[in-house]
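Notes for the one structure printed next.
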Number of protein chains: 2
Amino acid sequence: MLKLSTKGQYGVRAMFEISRGHPGRPVAIREIAERQDVSVAYLEQILNTLRKAGLISSVRGPGGGYLLSRQPEAISIGEILRSLDGPVALTACQDPLAGCVRADGCVTSLLWKALGEKIEGFLDRMTLRDLLAGSKFGGERAVGA
Amino acid sequence: MLKLSTKGQYGVRAMFEISRGHPGRPVAIREIAERQDVSVAYLEQILNTLRKAGLISSVRGPGGGYLLSRQPEAISIGEILRSLDGPVALTACQDPLAGCVRADGCVTSLLWKALGEKIEGFLDRMTLRDLLAGSKFGGERAVGA
DNA sequence: ATATACTTTACTAAATTTGTCAAGTATTTT
DNA sequence: AAAATACTTGACAAATTTAGTAAAGTATAT
Ligand code: FES
Ligand code: FES
């Protein structure tokens, strides 16, 4: 349960490739595709969305590619995922775009809300810089392996 | 993103109805269906799964219905959801039933693992007793509304 | 000019979700 | 025993979502 779409996953991995690319020089889509083993056509779709969301900018023509719009520490994983897959919406009732009729008497309402906020909080605190550093995972508790 | 299936949601709400039913007396499936506004046929499927998972037991015949197998504080939301929708598996690589080929060099591996553990932790700490009490949500932080 | 490389839209096959339906089994009440 | 209640089981299908592919177009550097 609670699967993350491949689009979101690929998006994060693509952003990682862009952020570790040589600073100032754009990273070509083909390079990202090869390094992360994703088709160029699918990446086009994904990167286009991320560009419209303002997370990256693009340079056309030979030698072109993609660049981060901000520093790695200023781009959170949450922002990337939200751009591609919309906000965390565990249930239709929690979806900011939908909403619920009888949100009052509903016991589970607060439960899903609390979990949703926990997830968003985690994803928003985690940035590309953390991915580059390759640690800091686990939060309060230490991770076993 | 990160939607919870209706099956899981209905399952939790059904379990809530059973736990707040008069102690010792089984709750009929029709009563659950009416109170939670879910079709009887769909609930049959869901409750059957939960029964096979050992979370509830059933009584047949007139006056029959469903009973909790344990005390409300001993049944976690996580257990209910896992019974119906399988374990939290944000990515195919994190799925205990699947597994990944190149889990090593993968930067995002630890990220999804950490998030998955956070979610499971939350769901496993939360029990039917908490739903009955109607509070305790929010964890570290207080919830706004 | 030409090659490189991003841009945009359309479309579709596969998987998953969300149920419905029908027939059966067990138990209690009359 | 008969009837009514109520859980049990398995098959199946519509709707939705996901996960991509394909193709034609636009901009830029050499
Ligand atoms: S049914 Fe909408 S909040 Fe529970
Ligand atoms: S590709 Fe499997 S862990 Fe990242």
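All figures in this text were calculated on a predicted structure; none of them were measured in a lab. Letters A, B, ... mirror the listed sequences (proteins, then strands); counts begin at 1.
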dA5(C) phosphate, OP1 or OP2: any side-chain N/O from Tyr66(A) under 4.0 angstrom?
no
First encountered from the 5' end of DNA chain D, between Lys3(B) and Leu47(B)
Leu47(B)
Nearest 0.5 Å please: distance from the CD1 atom of Ile29(B) over to the OH atom of Tyr66(B).
4.5 Å
Which whole-number value in Å describes the distance from Ile46(A) CD1 to dT8(C) P?
16 Å
For dC7(D), does OP1 or OP2 lie under 4.0 Å from any side-chain N or O of Arg51(B)?
no
Residues Arg82(B) and Asp124(B) bridged, charged N to O under 4.0 Å
yes
Closest to the Thr6(A) side chain: dA19(D), dT18(C), dT8(D)?
dA19(D)
Give the intermediate values and the outcome of salt bridge (charged side-chain N to carboxylate O under 4.0 Å, His left out) for residues Glu31(A) and Arg35(A).
CA-CA 6 Å; Glu31(A) 188 177 350; Arg35(A) 291 223 223 187; 2.8 Å; yes
Does CZ belonging to Arg70(A) count more than 12 external heavy atoms closer than 6.0 Å?
yes
Pairwise N/O distances under 3.5 Å, protein to nucleotides 10-12 of chain D:
none

From CG of Leu4(A) across to P of dT18(D) the rounded distance in Å is 11 Å
Between dC7(D), dA19(D), dT20(C), spot the one nearest the side chain of Tyr42(A), thanks.
dA19(D)
Are the side chains of Trp112(B) and Ile77(A) in contact, using a 4.5 Å heavy-atom criterion?
yes
Can you sort out the partners of Arg51(B) under salt bridge (charged side-chain N to carboxylate O under 4.0 Å, His left out), two or more places apart, ordered by chain and number?
none
Between the CZ atom in Arg13(B) and the CG atom in Leu111(A), the distance rounded to the nearest 0.5 Å is 12.0 Å
What nucleotide, of dA19(D), dC6(C), dG19(C), holds the atom closest to the side chain of Ala28(A)?
dC6(C)
Could you tell me the separation between the CG atom of Asn48(B) and the P atom of dC7(D), rounded to a whole number of Å?
11 Å
Can you measure Ile29(A) atom CD1 to dT8(C) atom P for me and round it to whole angstrom units?
12 Å
Using whole Å, report how far CG of Leu50(A) lies from C1' of dT8(C).
16 Å
Nearest 0.5 angstrom please: Ile18(B) CD1 to Ile32(B) CD1, how far?
4.0 Å
Between dG19(C) atom C1' and Asp37(B) atom CG, what is the distance in whole Å?
14 Å
Distance in angstrom units between Glu34(A) CD and dA5(C) C1', rounded
14 Å
Are Ser58(B) and dA6(D) close enough that a side-chain N or O sits under 4.0 Å from OP1 or OP2?
no
In whole angstroms, the gap separating C1' of dG19(C) from CD of Gln36(B) amounts to 18 Å
Chi angles and distances behind the side-chain contact (heavy atoms from CB on, under 4.5 Å) call for Val40(A), Leu43(A)
CA-CA 5 Å; Val40(A) 168; Leu43(A) 266 184; 5.6 Å; no
What pairs of nitrogen or oxygen atoms, one from the protein and one from nucleotides 26-29 of chain D, lie under 3.5 Å apart?
unit_1, atom_1, unit_2, atom_2, d
dT26(D), O2, Arg60(A), NH2, 3.1
dA27(D), O4', Arg60(A), NE, 3.2

Return the minimal non-hydrogen interatomic distance between Ala53(B) and Ser83(B), and the atom names on each side.
CB-OG, 3.5 Å
